[in-house]
Amino acid sequence: ATLDDVKARGTLNCGVSTGLPGFSSADESGHWEGFDVAVCRAVAAAVLGDPEAVEFVPTTGKTRFTALASGEIDLLARNTTWTLSRDVDLKFEFVGVNYYDGQGFLVPKELGVTSAKELDGATVCIQTGTTTELNLADFFRANNISYEPVPIETNTEARQQYIAGACDAYTTDASGLAASRATFEDPTAHVILPEIISKEPLGPLVRHGDNAWGDIARWTLNALIAAEEYGITSTNIDEMLAGTDNPEINRILGTEGNLGEMLGLDADWAVRAIKAGGNYGEIFAKNIGEDTTIGLARGLNAQWKDGGILYSMPFR
Amino acid sequence: MAQTQTDREIDRSHMHVSDQVAIEITDMNKWFGSFHVLRDINLTVYEGERIVICGPSGSGKSTLIRCINRLEEHQTGSIVVDGIELTSDLKNVDKVRSEVGMVFQHFNLFPHLTVLENLTLAPIWVRKVPRKEAEETAMHFLEKVKIPEQARKFPGQLSGGQQQRVAIARSLCMKPRIMLFDEPTSALDPEMIKEVLDTMIELAEEGMTMLCVTHEMGFAEKVANRVIFMDAGQIVEQNEPTEFFNNPQSERTKLFLSQIL
Amino acid sequence: MAQTQTDREIDRSHMHVSDQVAIEITDMNKWFGSFHVLRDINLTVYEGERIVICGPSGSGKSTLIRCINRLEEHQTGSIVVDGIELTSDLKNVDKVRSEVGMVFQHFNLFPHLTVLENLTLAPIWVRKVPRKEAEETAMHFLEKVKIPEQARKFPGQLSGGQQQRVAIARSLCMKPRIMLFDEPTSALDPEMIKEVLDTMIELAEEGMTMLCVTHEMGFAEKVANRVIFMDAGQIVEQNEPTEFFNNPQSERTKLFLSQIL
Amino acid sequence: MLLPWSISPTWGAKSLNECREILGATGREHGGACWGVINERWSQILYGFYPEELRWRPTLTFFLLFVAMIPILFNMISRRMNWLLLVLVLFGASFAVENSALMVVVKIVLGLSLAYLAYTVVKTDRDDRAEQIKEGAKRLPNPLYFTAIYVFLMPWLLWGGSIWSPVAAALGFLVGWLAFRLLAPIAGNLASLILAVIAAGVWWLLLIGPFTGLMNGLAPIGLIPVESRLFGGMLLSLTIGVVAIAASLPLGIVLALGRKSDLLIVKWLSVGFIEFIRGVPLITLLFVASMLLNIFMPPGTDFDIILRVIIMATLFASAYMAEVVRGGLAALPTGQYEAADALGLDYWKAQRLVIMPQALKISIPGIVSTFIGLFKDTTLVSIIGLLDPIGLSSTIRADLAWNGIVWELYGFIALLFFIFTFLMSRYSMYLERRLRTDHS
Amino acid sequence: MTTMTDPHRESFRLSMLLYDSRYRSMTIQIVALIGFLTLIGWLFNNTAQNLADLGKEPSFRFLGEAAGYDINQMLVEYNNQDTHLRAAFVGVLNTLLVAVLGCLAATIVGVLIGVLRLSNNWIVSRLMTIYVEMFRNVPVLLWIVFTMAVLIETLPAPRDFRGDDPSATMYLWDTVAFTNRGFYIPEPLFTRSLGDIHLFGDAMLRFNLSLDLIAIASTLLAGILISGLFKKRADRVQEATGLRPKTWYWRLGVVFLPTIAVLMILGLNWGHPELKGFNFQGGTYMRNSLIALWLALSLYTAAFIAEIVRGGILAISKGQTEAAAALGLRNRRIMSLVILPQALRVIIPPLISQYLNLTKNSSLAIAVGYMDLTGTLMGITANQTGRELETVLIGMLIYLTISLAISAVMNAYNNRVKLRER
Ligand SMILES: Nc1ncnc2c1ncn2[C@@H]1O[C@H](COP(=O)(O)OP(=O)(O)OP(=O)(O)O)[C@@H](O)[C@H]1O
Ligand SMILES: Nc1ncnc2c1ncn2[C@@H]1O[C@H](COP(=O)(O)OP(=O)(O)OP(=O)(O)O)[C@@H](O)[C@H]1O
Ligand SMILES: [Mg+2]
Ligand SMILES: [Mg+2]
């Protein structure tokens, strides 16, 4: 089973993007950071007790699924859209959604475009090997307008073409657009068009067939989300460990019940996961939140109580 | 041709042929594809005999002696060398080859090995002789061919005549009982022919069984017990040298001798 | 070298030198970079003369005859061939080259053309002779060098001696008045040398003006009117062959002759 | 245009924005390279994510590679010089490791042998060599021994782990050889060869595990293991290139012999393989490595991606190598085969002692060119997501600080490749020239 | 041939399998075959089992399903509702397009540079050496992404052509626009066009063939054939009289005049590109991905071709030139009658293997988003359908077919011109 393999190996093999600002990037010493990376670290912390016990495997849009299917990685945490065919036909199991996204368009302000429907005849840069190119084809066909797709392998190249004006518009998940825009010399000269042409629930995934391992990943993600909901942060978690009067918190932190044991882990698995990079909100704020250069608003990704759709399943 | 003769007189007493058979070829035929190179060859070579084979180009001389150590396969008839019949059994072939030494027209020394290494290669790997012993033997034969001082050089650094002498020494190092020579002097400049022939004459004096394809008639007269004339794949005539040269029987032989002498 | 001599006797009466000058070289000097290859060469060749040039390797023999048809440029002095001075005027060069035939050591036949095409190439493209006529001439010269049956073969399919004879025929097809030979036999096996020399002797008999770099002294004795000995870029000695061989004047010539004879 | 652009005082910048500020301050808003990225990331482009404190290992590996290649590439260097170089490299390397008692001893030993070798080099150069040969002066062992050892040393140095794994792998060859030696007199050459291969196979498949386990228990010597994913940049390119070329050589020889063989089936199998590999683009083979190779293996095997890439690169190179070796074989006159036969050497001995040494020597320029080609082609692994220099360049650009940098990175990478391949191609040209003169 | 007669008629012994040359080769071959089949069987078995575990039985049905994605450059009509197979076909055509263009350009540049490298002018030959070394010693992938970056970063975007005072202008009387999306050049239009014919109905390989193009091409071809007749006549005259008549103006005339006439009859005019909306409309559009790939591949390969050409000319020994000169031939004739015919024999085989390399390297199109076979079939199709095994297999077979076709041409040529030796 995957869990045993991971434990025996002592490291978690986690597939991430080869480089997407805010979501996954490596610094000069090869230390990986980012929103997707944090999921890997949380799982590693929960399972192995060490958020650093992760081998990051950079994958491209093309190679990610084979890497997972072949067992080269245990968990794929790379902005991957949860779709029926990937779930069923490609035989993967999405363990949840860590970012609710949708495909949007980024255009320079000077074009004067206000709606994606005005993009008739435009040249659109698009990352290949993703759902975006199918969405794009569908969108333009539905609106009966033409476009010129420019397929591109990586985000950095897309950005390069877009900035130079080789494409009129850049389409990918809105989060990615915002992330890219943030790094432009003059971010205010570009707008993200209001149309979001697809739902893109991005989440980590594992192989079909090893439900125990899928559960661990799923509940680690849930723990991060629930932690935010219940106000457990990396700073106050030690106080809370002393015991709170909220039984759900206690169950999450393993001071009550035996949820960890059910998962095949020890009692404070979730504590370690949360300590690894903080709760969902902390991770978000640190990597892609409004105070970072990426500057994404929580939007749909706010807790359900705050008007978003982020909703952790109950720990019970 | 005058310059190729030596002044020493060969000890003709050795020339008495023993009655031990070294090579026995019976009704042997060979084809290259549909081309009949050797026709009904019958030849018995006794131990200690020195045979010179001559004949026009393309008559099958090389092919005949290459059959004797199975560089070529014959198709019908039999070849028995030193009591071992050459068949498709590879073990026999190996045995025969280690009894028979061969010297080629173009020396075919191994250019990546020093002279000494050329000489010791086969003794070490085929005869499994210890290196030291092999080197001693090699030096002995190098002295015999009069170039011990070249032992550490590479073949490319030697003159043609020296190379051919090394090639002879290399064959001798395997202590063969029979030596085959295929035009050993024809790729050499005239000055070098003599030194090689001298070496061969010395070998002959020691009673080595030799088969030699050559057009050096001076050599033939001096050392051969028998001269064989081949034409169109057949042995046309064979005889004792003086008889052969002075009194050839067949027309073809006469014609040939008139051309080369 | 004995085998290279023919039994025919050359008609020496032709050897009387006419007083028409074919080549006149005056105070000619040539350098390769800073290396002085030819020093103060003075040479007059009369029509019908047959000159053999010999000398140690690197003495400038090849360079000298290559200057005569301007495969090399000389720097000072003058070369007049058949009344045309070799200057940088290309027209003169063309004229001279079509008067002067040259045969190289390595034949330099065109391997992608048949023998016949080799022979007709220059007549057709330089002399503007109709193909039919060119082919007839070519066959005539092929017969002269005794290989008419090889006309349709490619040079690669011929033996060295045959190739050299084709090369001679190729030059002859341009009906040159002067022939230059640069060691025409030195790349050949001994058996083939004779056939090429025979061809050259025949040419000599017909009174062709010839300059020949060669070390075949038998040939020199037989056909040359004059033998020129070069050393270190200079003409050291020239003389009538019998005199030259039997009674050399300079020390260097003596030394050289002692080495090669 | 290029020159003023590249002369730019941005070496110390920590991000693209900082570059822009520096350039703005000097009055050059447009134009001007941002060299800060090279300053910050050059070692990453060279080593990828290889742990910084262990980078002496790949460095040493490639120095040693050079030493190991010397006896093959430069046959004018004497054995003594070669060993001297080796000890010199090791001595230098010993300073990169922190001092422990053991290291001090090692250093002293190395230093002494260095001095001794240097002394003998000077001495042999002065004394008459011919005299020495006559006296039968002892020669140092053939440096090719080190080359053979290096084949096992290299993976160990690069990937680390217990020393017993490479030793055990090497012992497999020893087992095979011993088996051959012992059986040959009894069973004959071919049979014993087959048995020897089986013996080695048994060792590698069955006994290697217990052996390493045992030895690790007895003497746990080893280096810190480094995962292959941490390999990147030039280190990755070189590793793939060198390992694939080295591994493809034996394969290529076998294929070349197969292609020349008169055994029809063997011949057609070889031809089919060679033509197939040469007929498809390398990138499709890399797709196989990244997407399919694990599917071809028994369920449960999991080669890591770099190993898979190396396997496919080896197959790729072996097809080209086969053609190179075939060229070398074709250049040998048939007389060499005949002479070997006439001396009684059997097929394999003739190949090993007479044919291959010459054919391979003739093939060295071709092998070097194949290596250059393969080395350049290793950049294709960026397409399947490995971080070779080109792959790294996009990773670096994904860093917020350097998002938008193009020319500096490409220029630097191009320069690195240029230096490597230019030197190698010069060397191979030199060899070709020398081979030509050697022959005439 | 006669049959083998073995005088001793030994009975068959087992050891003869190994030590009898008659049986030994058979033994080895059978062992090799068994080994090979075992290996294949093992691989098949593993694959089947692994695929079964993954629940993905191999099937080629996906090829018939709608692709769903768009391809920007298509030589035959295609939309996202066409099948994956059709998409692959579009990809193959794109591969062939860039391969053919690349080979042409590489040959022209390579020959030029190879000849210039032999020039006596020190500066010229040095510059060419620098070119060759620069391109040979840097990976082609780097050249491809680099060229793409150059195109994108240095050329103006279409929007720079807009406005009253645009920062970029078109060239050649506003007929050509170089933008960082690609080049827009005039496109030939025919007012009296003959129309198209549709081939292969609805099949996957269907495509339209322009009758105009056929008409022009056949006129041109006829012109070239007639010009060939002129050459033949000149040859005959030369053979008969030795003098060669001048015919080049006739030959040019018969090639071009009828073609121009046909163009006039068809009503040739040019469609100029014009900036409309986001992009230039009209004219022929060469995408920057195609240009970058084409440029990089051909410049890179040209460096190798230059070396081949140089080597080929140098390989023809100086003796040949001298012999020809000594016969009185002029330089131009020496080149055309003696050197080139021989040099070509040396040059063509490695040249064709460079064509092979170029074609294979065109698979790097993926790095600049050019939709060739690798980008469509082995790229998007494989990714969207998860059929890696099938797509990679088909892709390899297609490349293999192309390569084998090229090698077949090479071998045929080689055998035809091989110098005859004994
Ligand atoms: N491997 C071969 N395949 C086909 N024919 C061959 C082969 N070897 C030799 N021949 C032909 O067999 C004939 C005899 O050849 P062989 O070499 O034995 O002649 P030879 O008497 O040694 O001639 P030479 O004096 O020229 O060496 C020749 O016609 C030759 O062309
Ligand atoms: N193209 C050249 N450039 C420089 N030096 C040359 C050139 N050709 C010949 N030489 C030199 O000029 C000298 C004379 O050469 P040449 O070929 O005329 O000699 P040779 O008398 O014909 O010698 P051989 O008998 O060896 O043919 C030699 O030292 C040679 O090295
Ligand atoms: Mg012979
Ligand atoms: Mg000369």
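Note that this is a predicted model, so its numbers are computed, not measured. We name chains A, B, ... by the order of the sequence lines, and we start the count at 1 in each one.
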Please test Arg397(D) against Glu157(A) for salt bridge (charged side-chain N to carboxylate O under 4.0 Å, His left out), starting from the C-alpha separation and ending with a verdict. CA-CA 9 Å; Arg397(D) 278 184 284 156; Glu157(A) 284 155 33; 5.0 Å; no
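Expressed to the nearest 0.5 Å, how far CG of Leu386(D) lies from OG1 of Thr59(A) amounts to 11.0 Å. With rounding to the nearest 0.5 Å, the separation of OG1 in Thr66(A) from CD1 in Ile305(D) is 8.0 Å.
For Asp291(A), the CG atom counts as loosely surrounded, since its 6.0 Å shell holds 12 or fewer non-hydrogen atoms of other residues, nucleotides or ligands. No more than 12 heavy atoms of other residues, nucleotides or ligands sit less than 6.0 Å from atom CD1 of Ile224(D). Counted within 6.0 Å of CH2 on Trp42(D), heavy atoms from surrounding residues, nucleotides or ligands total 12 or fewer; the atom is thus considered open.
Looking only at heavy-atom pairs under 4.5 Å with chain D, the residue among Glu33(A), His31(A), Arg159(A) that has the most is Arg159(A).
Only the backbone of Phe56(A) comes within contact range of chain D, with at least one heavy atom under 4.5 Å from a heavy atom of that chain. Looking at Glu72(A), both its backbone and its side chain come within 4.5 Å of chain D, counting heavy atoms on both sides.
Looking only at side-chain heavy atoms (C-beta outward), Leu387(D) and Pro58(A) come within less than 4.5 Å of each other.
Applying the salt bridge (charged side-chain N to carboxylate O under 4.0 Å, His left out) test to every pair with at least one member in residues 36-51 of chain D, sequence neighbours left out, gives these pairs: Arg41(D)-Asp399(D).
In this structure Ser162(D) satisfies the side chain to side chain contact (heavy atoms under 4.5 Å, CB included) test together with Trp164(D), Ser165(D), Asn216(D), sequence neighbours excluded.
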